[in-house]
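Shown next, in structure tokens, is the structure this report addresses.
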Amino acid sequence: TGRVPTNDPVNVVLVSTAPDAYDDFETPFGSFRGIKRQGEQMLQSDFPSLSHTILQLSRFEDNFVEEGLDVSTEPSRANDVEAPGDADK
């Protein structure tokens, strides 16, 4: 989440994929995972004045889930963001 008190509005919500949601593959612009992580890193480093949250979605195979379940959240850790090409090292 961005570095703002919890009562302040969020300026940007970036929806991305969780690192393990899909296999990595090459695109004309680089690796799929690298592009996703680069976008997350850009939001955090290039736009420090914007409050933000990054919502990483994962795959879920069960179509029959009880409604009203709690959403699991955890604060991001700076080390979780991979730079493009880092996954290959």
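Index from 1, following the sequence.
For the atom pair OG1 of Thr17 and CG of Leu57, the computed distance is 8.0 Å after rounding to the nearest 0.5 Å. Once rounded to the nearest 0.5 Å, the distance linking CG of Asn11 with OG1 of Thr53 reads 12.0 Å. Considering CG of Leu43 and NE2 of His52, their distance stands at 4.5 Å, rounded to 0.5 Å. From Gln44, atom CD reaches atom CG of Leu50 across 12.0 Å, with rounding to the nearest 0.5 Å.
Scanning both residues, Ser58 and Asp20, for their nearest heavy atoms gives OG-OD1, 4.1 Å. Taking every heavy atom of both residues into account, Gln56 and Pro19 meet most closely at OE1-CD, 3.6 Å. Minimum interatomic distance between Val12 and Val10 (heavy atoms only, all atoms of both residues): O-CG1, 3.2 Å.
In this structure Phe47 satisfies the ring-ring contact (aromatic ring centres under 6.0 Å, His included) test with no other residue, sequence neighbours excluded. In terms of the side-chain hydrogen bond (donor to acceptor under 3.5 Å, both in side chains) criterion, residue partners of Ser16 (sequence neighbours excluded) are, by chain and number, Arg37, Glu40.
Considering only heavy atoms from C-beta on, Leu14 stays 4.5 Å or farther from Leu55 through its side chain. Between Gln41 and Asp46, every side-chain heavy-atom pair lies at or beyond the 4.5 Å cut-off.
Met42 belongs to no hydrophobic cluster with other residues, because no ILVMFWY side-chain heavy atom falls under 4.5 Å from its own, directly or through intermediates.
Ring orientation note: the planes of Tyr22 and Phe32 are nearly perpendicular, at an angle over 60° on the 30°/60° scale.
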